Amino acid sequence: MKIYYSIIIIFTFCSVLFSQATIPEDYKLVYTQDFESPQAINDFETTDPKVWRISKGDNGNCMELFEKSNYKPEVRSPFNIAIIKDVLVGDFVFEIRLNQNGREYGHRDLCLMFGITNASNFYYTHIASKADAHANSIFIVNDEPRKSIASDRTKGTNWGAVDDWHTVRIVRKVKEGLIEIYFDDMTTPIMKATDMHFKSGNLGFGSFDDTGKFDDIKVWTPNILKAKTGIFN
């Protein structure tokens with residue numbers, strides 16, 4: 001009997017992990033970007049085009065944020081943002097490879113944005129070395145300075161050396177308000193939140209005030225919506 005119950009527990013545990021690590025069957029891969037095309041950068045709207053470029057990554061080309069943007073948001077939120085122009089989603093899985101190549105300090109970060117409706121209304125995850133009220137969390141920007149909404153998060157995220165790359169995934173389920181952030185390990189999220197404010201929006205990436213590289217973007221969704229452009233213009 002003990003063996004029987006142990007098998008059930010192990011099977012259940014493995015099933016949970018497996019379900020977290022895979023893409024739902026009804027989701028379609030609607031966008032990919034590996035930045036090998038010279039025109040790849042045209043897929044994005046940025047807060048400052050002068051600080052973004054196509055450069056070399058660890059496996060071909062990537063998109064690089066190499067300086068701080070000349071951009072002042074109306075409310076306190078990240079300065080350096082690149083938005084995928086033609087992808088508007090509700091429920092989604094957003095995966096991207098990241099290289100944070102700045103100096104080590106508590107707020108050493110890269111960010112992923114989602115639910116973007118305009119320049120002052122969106123979510124973002126700030127992945128940083130140490131967690132505090134303004135770092136390593138999930139934030140909402142809702143016509144006021146960013147506010148942490150994470151219900152669970154780690155004490156910090158290890159970016160490693162300046163040439164290290166990491167795979168990050170965001171899972172969003174609008175009806176449940178679910179937001180999960182995964183970092184390399186696709187079975188256990190480093191951050192969780194529940195929020196119902198933004199039902200759909202664009203996706204993006206960047207940093208609050210650091211530099212980094214971005215590559216191998218994939219977006220899955222059950223339904224892609226009609227996107228609008230001109231978020232920052």
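Positions are given from 1 along the sequence. Being a predicted model, the structure only gives us computed values, none of them experimental.
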- Query: Should Asp209 and Lys68 count as an ion pair when the cut-off is N to O under 4.0 Å?
  - Reply: no
- Message: With a 6.0 Å cut-off (strictly less than), is the heavy-atom count around CG of Asn70, excluding the residue itself, greater than 12?
- Response: no
- With the side chain counted from C-beta on, respond yes when Ile81 and Thr46 share a heavy-atom pair under 4.5 Å apart, and no when they do not. no
- Query: Looking at His197 and Asn142, what are the two nearest heavy atoms and their distance?
  - Reply: CD2-ND2, 3.4 Å
- Item | side-chain hydrogen bond (donor to acceptor under 3.5 Å, both in side chains), paired with Asn101, selected from Asp210, Thr211, Asp163 | Thr211
- Message: Does either side chain, that of Thr194 or that of Glu176, offer a donor lying less than 3.5 Å from an acceptor on the other one?
- Response: no
- Could you check if a side-chain atom of Met113 sits within less than 4.5 angstrom of a side-chain atom of Pro78, using non-hydrogen atoms only? yes
- Item | Tyr123 side chain reached by Val141 side chain, heavy atoms, under 4.5 Å | no
- Query: Do the charged groups of Asp58 and Arg97 touch, with an N to O distance under 4.0 Å?
  - Reply: yes
- Task: State, with a plain yes or no, whether a side-chain heavy atom of Ser55 is found less than 4.5 Å away from one of Cys62.
- Result: yes
- Query: Is the side chain of Asn136 donor-acceptor paired with the backbone N or O of Ala131 at a distance under 3.5 Å, no angle test?
  - Reply: no
- What orientation do Phe122 and Tyr124 show, parallel under 30°, tilted 30 to 60°, or perpendicular over 60°? tilted
- Identified side-chain contact (heavy atoms from CB on, under 4.5 Å) counterpart of Ile96 within the set Leu112, Asp216, Val219: Leu112
- Message: For Gly90 versus Leu225, what's the shortest heavy-atom pair and its separation?
- Response: N-CD1, 4.2 Å
- Side chain Asn99, main chain Val162, donor-acceptor under 3.5 Å: yes
- Message: I need the minimum non-hydrogen distance between Ser120 and Glu74, along with the two atoms involved.
- Response: OG-CB, 4.0 Å
- Message: Test your reading of the model: is there a side-chain donor-acceptor pair from Arg172 to the backbone of Val89, 3.5 Å cut-off?
- Response: no
- Task: Measure the shortest side-chain to side-chain distance between Trp165 and Asp215 over non-hydrogen atoms and say whether it is less than 4.5 angstrom.
- Result: yes
- Query: Do we see a donor-acceptor contact under 3.5 Å between the side chains of Asp109 and Gln100?
  - Reply: no
- Task: Measure centre to centre between the rings of Phe35 and Phe44, then say whether the value is under 6.0 Å.
- Result: yes
- Should Asn61 and Asp34 count as side-chain neighbours, where that means a heavy-atom distance under 4.5 Å? no
- For the residue pair Glu180 and Met191, establish whether any side-chain heavy-atom pair is separated by less than 4.5 Å. no
- Message: Would you say that Thr157 contacts Ile190 through its side chain, given a criterion of any heavy-atom pair below 4.5 Å between the two side chains?
- Response: yes
- Task: Answer yes or no: is there an ion pair linking Glu45 with Lys85, defined by an N-O contact shorter than 4.0 Å?
- Result: no
- Query: Any chance NZ of Lys130 has more than 12 other-residue heavy atoms, nucleotides or ligands included, within less than 6.0 Å?
  - Reply: no
- Message: Apply salt bridge (charged side-chain N to carboxylate O under 4.0 Å, His left out) to residues Asp91 and Lys173 and explain how you reach the verdict.
- Response: CA-CA 5 Å; Asp91 292 354; Lys173 294 183 179 179; over 6 Å; no
- Query: When the ring centroid of Phe214 is compared with that of Phe205, is the distance short of 6.0 Å?
  - Reply: yes
- Trp220 pairs by side-chain contact (heavy atoms from CB on, under 4.5 Å) with which of Phe94, Tyr27, Phe92, Tyr31? Tyr27
- May I ask you to check whether His166 and Phe183 place their ring centers less than 6.0 Å from one another? yes
- Message: Tell me if the CD atom of Glu36 is crowded by more than 12 foreign heavy atoms within 6.0 Å.
- Response: yes
